[in-house]
4 protein chains.
Amino acid sequence: MPKVSDAHLAARRDQILAAAARCFARDGFHRTSMQDIVRESGISAGLVYRYFAGKDDMIVAIVTEWHDQRRAPFRADDLIGNYLGLLRSIGDPGRRDDLRLGVQVWAEALRSSQILDLVRSGADGPRADAARALHGMTDLDPDALARVFVAIYQGLVLQTAWDETVDNAAVVDAVAAIVARLLPDSAGEELQ
Amino acid sequence: MPKVSDAHLAARRDQILAAAARCFARDGFHRTSMQDIVRESGISAGLVYRYFAGKDDMIVAIVTEWHDQRRAPFRADDLIGNYLGLLRSIGDPGRRDDLRLGVQVWAEALRSSQILDLVRSGADGPRADAARALHGMTDLDPDALARVFVAIYQGLVLQTAWDETVDNAAVVDAVAAIVARLLPDSAGEELQ
Amino acid sequence: MPKVSDAHLAARRDQILAAAARCFARDGFHRTSMQDIVRESGISAGLVYRYFAGKDDMIVAIVTEWHDQRRAPFRADDLIGNYLGLLRSIGDPGRRDDLRLGVQVWAEALRSSQILDLVRSGADGPRADAARALHGMTDLDPDALARVFVAIYQGLVLQTAWDETVDNAAVVDAVAAIVARLLPDSAGEELQ
Amino acid sequence: MPKVSDAHLAARRDQILAAAARCFARDGFHRTSMQDIVRESGISAGLVYRYFAGKDDMIVAIVTEWHDQRRAPFRADDLIGNYLGLLRSIGDPGRRDDLRLGVQVWAEALRSSQILDLVRSGADGPRADAARALHGMTDLDPDALARVFVAIYQGLVLQTAWDETVDNAAVVDAVAAIVARLLPDSAGEELQ
DNA sequence: AATGAATGAGGATTCATTCAT
DNA sequence: TATGAATGAATCCTCATTCAT
């Protein structure tokens, strides 16, 4: 009976992960010490290790969660609308830490094949979906075009992480206009 | 006191920076120890500290150099040609470490305002130049459009750093086609 | 408050001690964590502390029990037979952990005066008994001879703990022969 | 040129090993912290790790050195004299820590196969030599007899480690007398 | 100029023990 | 009685940096 509820366990885990995410977003993975996370989470060092085998394990958990939250777009039927919505969400002030964390994850993927696999599995699927959808909508290479759209997303994340004053709406409008000219047929039905 | 030539000093400095760049590209800034750099450079620890005040100073030097090498494009008169050339250079296998280092720098810019300033000063100028040049070439917002082109560059760097098998030529072709449709007037004179 | 029977309490205690003995025999006292014992015993950490004040207390309990089981020989009237039986028991495969634990106890006795007292009180009495019995049976110094016989026992324990393939029977035969030559009068009546 | 002499390096290493040996003899391997060794040696933590890869490596070095110092006896032509000299040396007050360390090593050999190999390789050779030499000197099983003599040595080490008041001379005399009766032919030439 | 030995604070992780349930 | 979540001091080890040579 001292065994606490699963909800409590899950909440604790989230508490640690949230604190870790804040730390990682602020200082990067390898300038964040476990003590930092302990302080930020208000949970003792020993307990953190009951939830995560170590720092690396926590990083993997963070990245996994990060990607789980970002799966939706690129998939649905309203591809372009979803994409533009995704771009728009980059401008949400509440997502600042999210963007920063994302950039740290990108860098970490270059060091850790495990992280790279997570990042790729989160990006390759949607990109392939997008490429498939682009078939027939344009005479340009659909795979290349999908890469370009992903690149725009990534670059905008980066620029916004660096500088929150980026005029997101203007960029989204520009991208929408580009899309409209590249895929004129889709404009009527798919643009929001 | 055997005073050595300035050329010798500069060569030493480059030797250290080159070794550091390899280490940083491989392991990131904060998973690279000074010992790693000492080993990789073949230069003693003590001497490294006569060229650089510390690790942070070395990171700044690396980033400064990294941006100095990337200044040219976006400036010249043949803006679009330069841009596409820049994109194309991402596919150069010899630049792999460069791309990886770049991604690490992006992440580090989120931690260090000094690095952020360097990164911004390296990006803002060209982007402003580009925006100015785009004035009159299109009815889209030039600033937003410039951001989009920078984003494409950044995203392509990231995707290529993760996966060297990216079909760079196809992406460059797609971007060229996009540019041609967005800026039809410029096509004749500026596209390579 | 569900007061349980004394038998239950004793069984619990033995369950913990048996698990601890296995752990200690395998890893030594100070490379065995309380968690190891918790795992091995299947009893919760909290409960372990209701039976033992702490790890040191458990070690004392283990050593006490270990010596209680080893008191018989050297005392009885058939001194030599008992001694040889004791040597023979070292070869019993079922006592492997016992031997290993014994060696750990010997080492621990060098650290803890409490353990040393236990070990000595377990050894000094029998040795004195043996010395007394040897009086008149030999012209050698009885105390020294008793020490030699104890040493043979200890060394054989050690060698067998290290290497279970030791030919115990051959060693016991050799010791019996030595005894027979040293104490010829006793041979007829006392050797098994 | 800041590279110090090999003699200095060796002296440093010995300084650390000597301090470690004192600590290990006092507290055992796993109750001695690296900080203890740092304090005892007067050498900084970082430097210790330039000489030894870690605690385990230091233990191995200690055990290796310990056995190197104990190789001589059992080998020479004057087997019995050497053996008795070895027993006698156990009583040397200056070797107290040595004995204590030895007992810790015996216990550690049960945990670490690397230590066990060292211990065995230090003991098996001499024992085999002794057994060979005993062939023809007695009608008892030479291998078993060799084991008994080794056991006497080990047991005497243990008893002396526990209690420095053991009357070593009396025990050595007793053992000499036993040897004289078991191996009467050898008495004249080999006993000291 | 150049070396690399030396430092000690700081890093991740484990552990004996306690306590709310 | 019994649980196991929770603690935080202590452990092993690494690292940026300095300094005698």
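A note on names: the letters A, B, ... follow the listed sequences, proteins ahead of strands, and every chain is numbered from 1.
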Practice problem: Can you tell me which residue pairs pass the ring-ring contact (aromatic ring centres under 6.0 Å, His included) test with a partner in residues 42-64 of chain A, sequence neighbours excluded? | Solution: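 Non-adjacent pairs meeting ring-ring contact (aromatic ring centres under 6.0 Å, His included): zero.
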Quiz item: Mind checking what makes side chain to side chain contact (heavy atoms under 4.5 Å, CB included) contact with D:Leu116, not counting sequence neighbours?
Solution: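 For D:Leu116 the side chain to side chain contact (heavy atoms under 4.5 Å, CB included) partners, ignoring immediate neighbours, are C:Trp162, D:Ala109, D:Arg120.
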Practice problem: Would you please name every residue forming a side chain to side chain contact (heavy atoms under 4.5 Å, CB included) with C:Ala53, sequence neighbours left out? | Solution: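 Expected list: C:Asp57.
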Quiz item: What stem regions, each of at least 3 consecutive Watson-Crick or G-U pairs below 3.5 Å, can be found for DNA chain E?
Solution: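 Stems (3+ consecutive pairs) listed as E:2-21 with F:2-21.
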Exercise. Please report, rounded to the nearest Å, how far the P atom of E:dG4 is from the CG atom of D:Asp6.
Key: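 In whole Å, E:dG4 P lies 13 Å from D:Asp6 CG.
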Practice problem: Return the value, rounded to whole Å, for the distance between atom CZ of D:Arg12 and atom C1' of E:dA6. | Solution: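 D:Arg12 atom CZ is separated from E:dA6 atom C1' by 8 Å.
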Practice problem: Look at all strands and tell whether A:Tyr51 reaches a base, only sugar-phosphate, or nothing, counting heavy atoms closer than 4.0 Å. | Solution: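 It contacts sugar-phosphate atoms only.
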Quiz item: Considering only side-chain heavy atoms of C:Ser44, which listed nucleotide, F:dT1, F:dG4, E:dA2, is closest?
Solution: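 Minimum distance to the C:Ser44 side chain belongs to F:dG4.
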Ignoring backbone atoms, test whether [X] places a side-chain nitrogen or oxygen under 4.0 Å from the OP1 or OP2 oxygen of [N].
X       : N      : result
C:Arg50 : F:dA2  : no
B:His8  : E:dA2  : yes
C:Tyr49 : E:dT17 : yes

Quiz item: For the residue pair D:Ile43 and D:Val38, what are the closest heavy atoms and their distance?
Solution: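 Looking at all heavy atoms of both residues, the shortest contact is O-CG1, 3.1 Å.
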Quiz prompt | For A:Trp66 against A:Asp98, the heavy-atom pair lying closest together | solution =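 Heavy atoms of A:Trp66 and A:Asp98 come nearest at NE1-O, 3.2 Å.
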Quiz item: Does anything in residues 13-37 of chain D reach DNA chain E, meaning a heavy atom under 4.0 Å, and if so which residues?
Solution: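 Close to the strand, none.
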Exercise. Just grab all the side-chain hydrogen bond (donor to acceptor under 3.5 Å, both in side chains) pairs involving residues 21-31 of chain A, residues at least two apart or on different chains.
Key: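 Non-adjacent pairs meeting side-chain hydrogen bond (donor to acceptor under 3.5 Å, both in side chains): A:Arg22-A:Glu40, A:Arg26-A:Glu40, A:His30-A:Glu108, A:His30-A:Arg111.
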